[in-house]
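Working notes, structure below.
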Amino acid sequence: MKKKVVIFAGNTNSEKAVTFFEELNREKAERIKKLEEKAAKFRELFSRNGSK
Amino acid sequence: MDLNNPPYNFFKDDDDEELSIYNFITSTNKVYAIGFDPTQYVKYLDDFPCLLSHGYGLTIVRLPKTLDRKEVNKDDRVWSTIYAIVLDFIESSGPETVLLYHCDSSDNKQASRGKLFDNIYEKLPEGHDMVKYSLEVDVKAKDGIDQRNHLGFLCKESFRHKAEAILEMDKFAAYLIDISESK
């Protein structure tokens, strides 16, 4: 199921919506960075153990 | 994509106190980390108890980052593994678990990320017990550079508050449209 929402230019909310998603992106970036560090650590451990 | 392919072995990282993290490595040495974060959307969703009370932000990363997405899509076992991890996590966190996602749009690749979630859902094995509800939010800009955002959630079909969760996502969409007044 999918719903589509359109926020039109000129609507005073459009800039706030952009800011909102930028904030979501910043917070997402923190999670991505942490998971990338975990993935790198996992790869290192996995290589060291040499098993699958 | 065929989710009936055998998943790769996956490993749960028990060292992290904040997130539930799973890792796996593919036959071509690509490493994936799947994170389930109970705090990711809390501050936005305090008016949405069905989405929030058992809600977890779902994030998927892959190393190396520069990998060609077409190459990834060729490996069906990646998707069957992600599906197996999602089921394992829901098994441990409970049938009321709601997996919330938002596709990062900072590099303008949010459409392919949204497609990833669509693909996984569309290829679930017959008789599966999952529901996906998604929002596409187009923000039209005066300069003509529009921004499309993808977000949504996955839950079990049997989740007893599924209908309320969908209503809450619709309410969230209304909040986005009326963002200046709601928050």
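Just so we're clear, the structure is a prediction, and the values are computed from it rather than from any experiment. By convention in this document, chain letters (A, B, ...) are assigned in the order of the sequence lines, proteins followed by strands, and residues within each chain are numbered from 1. What you see below is based on every heavy atom in this structure, not just the backbone, and it leaves out hydrogens, waters and symmetry mates.
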Short N-O contact, B:D104 and B:K109, less than 4.0 angstrom =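 Not counted as a salt bridge, because no side-chain N and carboxylate O are separated by less than 4.0 Å.
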
Is B:D47 paired with B:K171 through a side-chain N to carboxylate O contact shorter than 4.0 Å?
-> no

Any luck finding a side-chain donor-acceptor pair between A:K3 and B:S134 under 3.5 Å?
-> no

Between the side chains of B:Y8 and B:S80, is a donor N or O closer than 3.5 angstrom to an acceptor N or O?
->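 Short answer, no.
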
Does the gap between the ring centers of B:H54 and B:F159 come in under 6.0 Å?
->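 No; B:F159 has its ring centre 6.0 Å or more from that of B:H54.
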
Mind checking whether B:Y101 and B:F117 have ring centres under 6.0 Å apart?
->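 Yes, the ring centres sit under 6.0 Å apart.
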
[X] versus chain B, heavy atoms under 4.5 Å apart: side chain, backbone, both or neither?
X     : result
A:A40 : both
A:E23 : both
A:E36 : both

B:I21 portion near chain A, given a 4.5 angstrom heavy-atom threshold =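 For B:I21, the side chain is the part near chain A, not the backbone.
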
Region of B:D13 that comes under 4.5 Å of a non-hydrogen atom in chain A | side chain

Residue, of B:D138, B:I34, B:L135, that accumulates the most heavy atom pairs under 4.5 Å with chain A =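 Of the candidates given, the most pairs with chain A belong to B:D138.
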
Looking at B:D15, B:L19, B:T59, which one has more heavy-atom pairs under 4.5 Å with chain A than the rest?
->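 Most pairs with chain A among the choices: B:T59.
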
So which of A:K34, A:E22, A:R26, A:K41 has the biggest tally of heavy-atom pairs under 4.5 Å with chain B?
-> A:K34

Contact winner vs chain B - A:R31, A:R43, A:K4, A:K2, heavy-atom pairs under 4.5 Å |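 When all of A:R31, A:R43, A:K4, A:K2 are compared, A:R31 has the most.
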
Give the intermediate values and the outcome of side-chain hydrogen bond (donor to acceptor under 3.5 Å, both in side chains) for residues B:D75 and B:T28.
-> CA-CA 9 Å; B:D75 188 348; B:T28 52; 5.0 Å; no

